[in-house]
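Have a look at the structure below before the remarks.
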Amino acid sequence: EAIQQVGGQVHALTSNWKLLQADVEAILQSAPAEMRKELTEVRDAIRYADPMSRPEVAPQEQELVMGIGQLKELVKANKADEAKTVCTTLQNVIKDRANRLKALK
């Protein structure tokens with residue numbers, strides 16, 4: 001019973017991260033070739049980041065959600081330069097989140 005309880009807590013803390021990864025993967029599938037390199041880097045940064053969430057990194061995670069939404073619109077509008085800028089920003093946010101999580105351990 002305790003294992004199931006902990007498993008439920010872990011699922012709740014990681015499910016949003018998995019959704020972010022799925023969103024970026026969907027954007028990558030529909031992106032033109034000139035945007036794929038940067039999108040792949042964002043996808044990989046999310047894939048290899050710590051999926052556990054904590055209240056202390058909620059602002060960074062919210063920034064990621066908003067940035068991915070913006071990225072989706074930019075890819076749809078075929079604005080490669082702006083999309084590349086957002087990809088760089090998202091990678092920096094992911095690094096900041098990772099540093100904060102390390103500091104909290």
Side-chain angles (χ1 to χ4, degrees):
E1 185 175 303
I3 292 172
Q4 289 177 341
Q5 183 180 6
V6 169
Q9 291 170 347
V10 168
H11 176 72
L13 293 174
T14 60
S15 62
N16 288 340
W17 198 253
K18 290 177 184 176
L19 289 174
L20 288 176
Q21 187 174 348
D23 288 345
V24 172
E25 191 68 45
I27 295 168
L28 182 60
Q29 296 300 317
S30 65
E34 66 268 9
M35 294 184 203
R36 289 202 175 153
K37 179 182 180 285
E38 289 79 10
L39 288 167
T40 300
E41 290 171 356
V42 171
R43 181 201 59 195
D44 291 346
I46 291 173
R47 178 184 294 165
Y48 298 116
D50 186 348
M52 293 298 288
S53 183
R54 293 182 64 147
E56 295 87 354
V57 294
Q60 287 77 23
E61 291 176 357
Q62 184 60 35
E63 191 174 347
L64 286 171
V65 169
M66 291 171 48
I68 290 171
Q70 183 182 11
L71 194 58
K72 186 177 191 177
E73 294 303 315
L74 292 171
V75 169
K76 194 182 292 184
N78 202 20
K79 296 183 177 180
D81 290 337
E82 293 176 40
K84 289 177 183 180
T85 301
V86 172
C87 285
T88 301
T89 300
L90 290 174
Q91 288 180 11
N92 290 335
V93 171
I94 294 166
K95 288 176 189 172
D96 181 43
R97 177 185 175 274
N99 290 336
R100 291 173 187 269
L101 286 172
K102 284 180 194 175
L104 293 169
K105 289 185 179 186

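This one's a predicted model, so the numbers in the text were calculated from it and none came from an experiment.
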Review point. What pairs with Asp96 under side chain to side chain donor-acceptor pair (under 3.5 Å), at least two apart in sequence or on another chain?
Key: Gln60, Arg100
Check your understanding: Looking at CD of Glu38 and CZ of Arg43, how far apart are the two atoms once the value is rounded to the nearest 0.5 Å?
Key -> 13.0 Å
Practice item. Mind checking the CG-CG spacing from Leu64 to Asn16? Nearest 0.5 Å is all I need. Key: 11.5 Å
**Study point:** Carboxylate-amine/guanidinium contact Lys105 Asp50, below 4.0 Å
**Key:** yes
Review point. Cut-off 3.5 Å, side chains only: do Gln29 and Glu25 have a donor facing an acceptor?
Key: yes
Check your understanding: Can you name the closest pair of heavy atoms from Glu34 and Asn78 and give their distance?
Key -> OE2-OD1, 3.5 Å
**Study point:** Contacts of Lys102 that satisfy salt bridge (charged side-chain N to carboxylate O under 4.0 Å, His left out) - sequence neighbours left out
**Key:** none
Exercise for review: Would you please test Met52 and Leu101 for side chain to side chain contact (heavy atoms under 4.5 Å, CB included) and show each step?
Suggested key: CA-CA 9 Å; Met52 293 298 288; Leu101 286 172; 6.0 Å; no
Study note, to complete from the structure: Between Ile46 and Trp17, the two heavy atoms sitting closest are O-NE1, 3.0 Å
Practice item. Apply salt bridge (charged side-chain N to carboxylate O under 4.0 Å, His left out) to Arg36 and list each qualifying residue two or more places apart in sequence or on a separate chain. Key: none
Point to revise | side chain to side chain donor-acceptor pair (under 3.5 Å) involving Glu61 - partner list, sequence neighbours excluded | key: Ser53, Arg97
Check your understanding: Listed by chain and number, what are the salt bridge (charged side-chain N to carboxylate O under 4.0 Å, His left out) partners of Glu41, not counting sequence neighbours?
Key -> Lys37
Point to revise | Among Leu28, Leu20, Ile27, Leu90, side chain to side chain contact (heavy atoms under 4.5 Å, CB included) partner for Val42 | key: Leu90
Review item, side-chain donor-acceptor pairs of residues 65-76, under 3.5 Å, at least two apart:
none

Review point. What's the shortest heavy-atom distance between Pro59 and Pro55, and which atoms?
Key: CD-O, 4.2 Å
Check your understanding: Going from CD1 on Ile94 to CD on Glu63, what distance comes out if it is rounded to the nearest 0.5 angstrom?
Key -> 10.5 Å
Check your understanding: Any side-chain heavy-atom pair from Gln21 and Arg47 closer than 4.5 angstrom?
Key -> yes
